[in-house]
Structure formats: structure tokens, C-alpha cells
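Structure record follows, encoded as C-alpha cells.
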There are 2 protein chains.
Amino acid sequence: MAERGRPRAFDREKALKAALRLFWEHGYEGTSIAELKAAMGINGPSLYAAFGSKEELCRGSSALYEREYGAALLAILNDTTDARAAVETLLAAIADMRCEDGPRGCLVSTGETACGPANSAVARHVADRRGVLRNALTDRLTRAAAEGDIPAGIDIPALAAFYTAMIQGLSIQARDGADAALLAAIIKRAMEAWPGD
Amino acid sequence: MAERGRPRAFDREKALKAALRLFWEHGYEGTSIAELKAAMGINGPSLYAAFGSKEELCRGSSALYEREYGAALLAILNDTTDARAAVETLLAAIADMRCEDGPRGCLVSTGETACGPANSAVARHVADRRGVLRNALTDRLTRAAAEGDIPAGIDIPALAAFYTAMIQGLSIQARDGADAALLAAIIKRAMEAWPGD
DNA sequence: TCTATTGTGTACCGATTGATACATAAATGG
DNA sequence: CCATTTATGTATCAATCGGTACACAATAGA
């Protein structure tokens, strides 16, 4: 059974991608519906019919971001055999993140750290995603400790928070335009803090 | 010769402080003139007569921030004899930053990383301030290398960028509500990356 | 007191914000 | 064909945005 009614004239995924790009570059409050409509190539009613509201559109973009960018980060973290290499490769991937030819750095790590009272729900959502990334790091490092990749007696949550902070700092500096060599040097230095080296 | 005309009925510095608090907590785009007027306890014409525009008010708040908060950070950095202690104390001060009972973390380090096209000048201004902090770190570490506090052959700009990234990560996590003990543990870990340890 | 100067309070400006009403177009199922 | 369902395009909504016109109040110098 196919879909009833007039078919949608635009590609939902492509439109979502255009929205993601705008939110990534300008933030939630810095992106207007007018700009979204233009970039997505659709008009108001189509946007609201397909996505509900600006906030729901943002959550949809966030979900797309997780699929298209976040998942790869978690895969690096979890699938790299050596824990140290996993973290180092993760940091390198963060430094290399970019939305097409647009904004650099991790959207979640720097996103909506401050916003107006009316949009606090969006800020909380992004902050929660930062928590997810930190939890993933914590889990991976806990596993590393169990596997002997990290010496006993190391404060794992603190170590995870440290590398989370690195991700956030790298993302800000990437967004500010730091060149790849500098980011690589930062990562090299960050790995000097790896326990037991 | 005293001032002519009707005297101002509000304390300019106090009003600026109230504005700073709002910008710190909600960011430039997340703060409306209506909220500023309410918090500053003045009406539109008084605000515009005294401060010019929202953007100029923000720059004024930024200048106040530098005097009230930034200067102390630079003092720690430059006046602490031992370079390692200077950096460690600086990081601790960042972790401890707070606007009264309001937002935590360094305003500049996390501020306006994304904003709408209309406000890009403000974003550039804040990004420039991040550059100032990084330059101050670079200068201090260059001095440390010259004084022998840091071994020869260390990439000083990279080391400065690393600790700048730490400041940014600490600021984000402080803003997100991380407790002081965790931030202290992050700093302890960050100092493990100090060259030559 | 008179004039000049500056700040305050009200009331309002055009523009933009996020979001819709309504008529019409395009598809499916019968 | 018709009825139903869904999408599009135009035109617009009330609310809020940053910013001001204007009348009046309060000071200083003459």
C-alpha cells in the first residue's frame, strides 16, 4: 500500500541536511525560519507539515547529525582495539570534523552553551548529547582499565572528563579556524597525559 | 566644571554589571533588549543614550568582564613565578569562575561560538578575546622556555593551544554543572601533559 | 529667572520572529 | 468518475525584535 495524497515535492533527508548545516554554522537561535526555508528550498507550510516546529526540526537535525557524524565517532572509540589508539583516533576525528565546506568541529561539543530562556529545552538537549559522548568515553576507558590498557588506581571518570574537555577545546579551536597541524599538535600533547606513559 | 543637564538616575557600572550577567548566562542573541532593560532597571531611551546600541552595550560588558575577571587571570599567569604553577593556578581559577550566583566558566572561552549572520561582528569580537588569552599563554610559556622552566625543543605554540583547549573544555563543563572535584581532577590530569615531567 | 543641556517615561516605529488559514494541486482508493 | 487524503503557495497572523520621537523633568551657567 503506497502513500495516500499528494506526494512530497522535496527530499526530506536533503532538506534536513540543509537545516543541519545552518544549525551547525549559526546555532539554534542564530538560525531563522526564513533562512531555513530558503536553504531547504521549501515554504512555511511544507516545513511545518514535515517537521512540526523549529524545535522539532532542530531535534531532527540532531538525530541526523548522530547518524551521519556521531556514530562514526562512537565506532572509532569502541572498535579500535587499543584504548590509547582509540582515544587518539577519536580526537583526530574530532579535529577533522566538518559540515561539507562549512563549519568545523563537533556541533554537540560547542553547541548552545548559552541561549535565551525560551530555548532552554534545546540547550538542555545538546548538553545531554555532550553527556552521552562523555559517558561513551567513560565506558570505553572503564573497559580499558578492566583489560589492563590502563593501570589500576586511575580515576576513570576524571580521565574521561579530561578527554571530553579536549574534544570541546579542539572543537572550539577548529571552529575558530585553527589549522590541522596545530590541532594535531594539541592532540599529541593531550596524549602525553595518558596514564602510565 | 561639573556636568551639565539632568543627572543620570542610575548607576552606570551597576547597570553594566547586570547586562554582563545576562550576556554571560544567555549569550548575545539569547538576551533581548526587554530583558536587559528589566535587569538594568532602566527604560529604552536611557539604555540607548548611555550605551548606544545592543552591540555597544555588549562590548561595554565585555570590557567590564576583562577588568573584573580577565585581568585576574592574566595576573595569575604572569605573576606566578613558576610557569607550571602559573598554568595550574590559571586552570583552577577558570574552573572556579562564576558570575555571582549565576553562570560558571569563562564567558570568553565558550561565548558566541555560533551566531546568526547579522551578529557575526560580536562573534568575531569574542573569538578575538579567545585569541588574546591564547597569546598571553603563548607569551608566558615562551618566557618559561627562555627561563628554563620548559625543556628545549618543546613546541610552545602547541603547548599554549593545548592549555587553551583545556580552558575551553573546563569552561564548557563548568557551565554544564560539573562539580569542583571533577574539574580539579581534570586539571590534575592536564598537568600530566606538562613537558618534561 | 532664562537658556542650554541632558536624562526620563510613555508610547510607538518598521522589521522580523515563529507559525497558520485558506484555497488549490496532486496523488490513491473506490 | 468521485471522494479522500496529503502537499504546495500565497498571504497573513500576533508577538517580539532592536531602536526612537516627543514631551517633560532636572540640572548648570548666565
Side-chain angles (χ1 to χ4, degrees), chain A residues 1-16 18-20 22-23 26-62 112 114-123 125, chain B residues 1-16 18-20 22-23 26-62 112 114-123 125:
Chain A
M1 66 174 185
E3 295 135 34
R4 303 276 298 265
R6 180 172 175 173
R8 188 176 282 125
F10 63 94
D11 184 331
R12 199 179 190 279
E13 199 76 355
K14 261 187 188 167
L16 205 52
L20 169 59
L22 279 187
F23 284 130
H26 301 300
Y28 181 74
E29 293 182 326
T31 305
S32 71
I33 293 285
E35 291 165 334
L36 286 164
K37 287 191 293 186
M40 298 165 83
I42 62 181
N43 50 34
S46 294
L47 191 157
Y48 281 91
F51 301 104
S53 69
K54 187 188 178 185
E55 183 173 335
E56 288 178 87
L57 174 58
C58 181
R59 286 176 195 278
S61 297
S62 172
E112 300 302 311
C115 79
N119 303 311
S120 60
V122 174
H125 175 257
Chain B
M1 68 174 186
E3 294 135 33
R4 305 274 299 261
R6 179 172 175 172
R8 188 175 282 127
F10 63 93
D11 183 332
R12 200 179 189 280
E13 199 76 357
K14 261 187 188 166
L16 205 53
L20 169 59
L22 279 187
F23 285 130
H26 301 301
Y28 181 74
E29 293 182 326
T31 305
S32 70
I33 293 287
E35 290 164 334
L36 286 164
K37 287 191 292 188
M40 298 166 82
I42 61 180
N43 49 35
S46 294
L47 191 157
Y48 282 91
F51 301 104
S53 69
K54 186 186 179 187
E55 183 173 335
E56 289 176 87
L57 174 58
C58 181
R59 286 176 196 277
S61 296
S62 172
E112 300 303 310
C115 78
N119 303 310
S120 59
V122 174
H125 175 258

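Each chain gets a letter, A, B and so on, in the order the sequences are listed, and its residues count up from 1.
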N/O contacts under 3.5 Å, protein versus nucleotides 10-12 of chain C?
none

If the cut-off is 4.0 Å, is [X] near the phosphate of [N], judged by side-chain N/O to OP1 or OP2?
X: B:S32; N: D:dC17; result: yes
X: A:S46; N: D:dA7; result: no
X: A:Y48; N: C:dA19; result: yes

- Query: Applying salt bridge (charged side-chain N to carboxylate O under 4.0 Å, His left out), which residue pairs with at least one partner in residues 26-53 of chain B are found, sequence neighbours left out?
  - Reply: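 Applying salt bridge (charged side-chain N to carboxylate O under 4.0 Å, His left out) to every pair that reaches into residues 26-53 of chain B, excluding sequence neighbours, yields nothing.
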- Task: Using the salt bridge (charged side-chain N to carboxylate O under 4.0 Å, His left out) rule, collect all pairs that involve residues 47-62 of chain B, keeping only residues at least two apart or in two chains.
- Result: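 Those involving residues 47-62 of chain B are B:E55-B:R59.
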- Mind checking B:A49 for me? I need base, sugar-phosphate or nothing, with any heavy atom below 4.0 Å counting as a touch.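 Counting heavy atoms under 4.0 Å across all strands, no contact is made by B:A49.
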- Sugar-phosphate only, base, or nothing, as touched by B:F10 at under 4.0 Å among non-hydrogen atoms: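 If one applies the 4.0 Å heavy-atom cut-off, B:F10 turns out to touch the sugar-phosphate alone, with no base involved.
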- Query: Taking B:D11 for the side chain and B:K14 for the main chain, is one N or O donor matched with an acceptor at less than 3.5 Å?
  - Reply: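 Flag set: sc B:D11 to bb B:K14 pair under 3.5 Å.
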- Are the side chain of B:E112 and the backbone N or O of B:V122 linked by a donor-acceptor pair below 3.5 Å?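 Answer holds: no.
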- Classify the ring geometry between B:F10 and B:F51 as parallel (under 30°), tilted (30 to 60°) or perpendicular (over 60°).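 Ring orientation of B:F10 relative to B:F51: tilted.
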Separation of atom [atom1] in [X] from atom [atom2] in [N], rounded to whole Å:
X: B:I33; N: C:dC13; atom1: CD1; atom2: C1'; value: 15 Å
X: B:E56; N: D:dG18; atom1: CD; atom2: P; value: 15 Å
X: B:F51; N: D:dT20; atom1: CZ; atom2: C1'; value: 18 Å
X: A:K54; N: C:dT17; atom1: NZ; atom2: P; value: 9 Å
X: A:R12; N: D:dA7; atom1: CZ; atom2: C1'; value: 14 Å
X: B:F23; N: D:dG18; atom1: CZ; atom2: C1'; value: 12 Å
X: A:M40; N: C:dG18; atom1: CE; atom2: P; value: 13 Å
X: B:E29; N: C:dT16; atom1: CD; atom2: P; value: 15 Å

- Task: Under the side chain to side chain donor-acceptor pair (under 3.5 Å) rule, collect the residues that match up with A:H125, sequence neighbours excluded.
- Result: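 Applying side chain to side chain donor-acceptor pair (under 3.5 Å) to A:H125 gives A:R129.
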- At their closest point, which heavy atom of A:G30 faces which heavy atom of B:P117, and how far apart are they?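 It is O-CD, 3.9 Å.
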- Item | Closest approach of B:A19 to B:S61 (non-hydrogen atoms, all atoms of both residues) |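 Taking every non-hydrogen atom into account, CB-OG, 3.7 Å.
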- Please figure out whether B:S53 or A:G41 has its closest DNA chain D nucleotide nearer the 5' end.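 Whichever sits nearer the 5' end wins; that is A:G41.
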- Message: If you assign each of B:G52 and A:L47 to its closest nucleotide in DNA chain D, which residue comes earlier from the 5' end?
- Response: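 Closer to the 5' end of DNA chain D: A:L47.
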- Hey, does A:L57 have a side-chain heavy atom less than 4.5 Å from the side chain of A:L16?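 A side-chain contact under 4.5 Å exists here.
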Between protein and nucleotides 4-6 of chain D, what N or O pairs are separated by less than 3.5 Å?
| residue | atom | partner | partner atom | Å |
| --- | --- | --- | --- | --- |
| D:dT6 | O2 | A:R6 | N | 3.2 |

Sequence neighbours left out, cut at 3.5 Å: what donor-acceptor pairs do the side chains of residues 43-50 of chain A make with other protein atoms?
| residue | atom | partner | partner atom | Å |
| --- | --- | --- | --- | --- |
| A:N43 | OD1 | A:S46 | N | 3.4 |
| A:N43 | OD1 | A:S46 | OG | 2.9 |

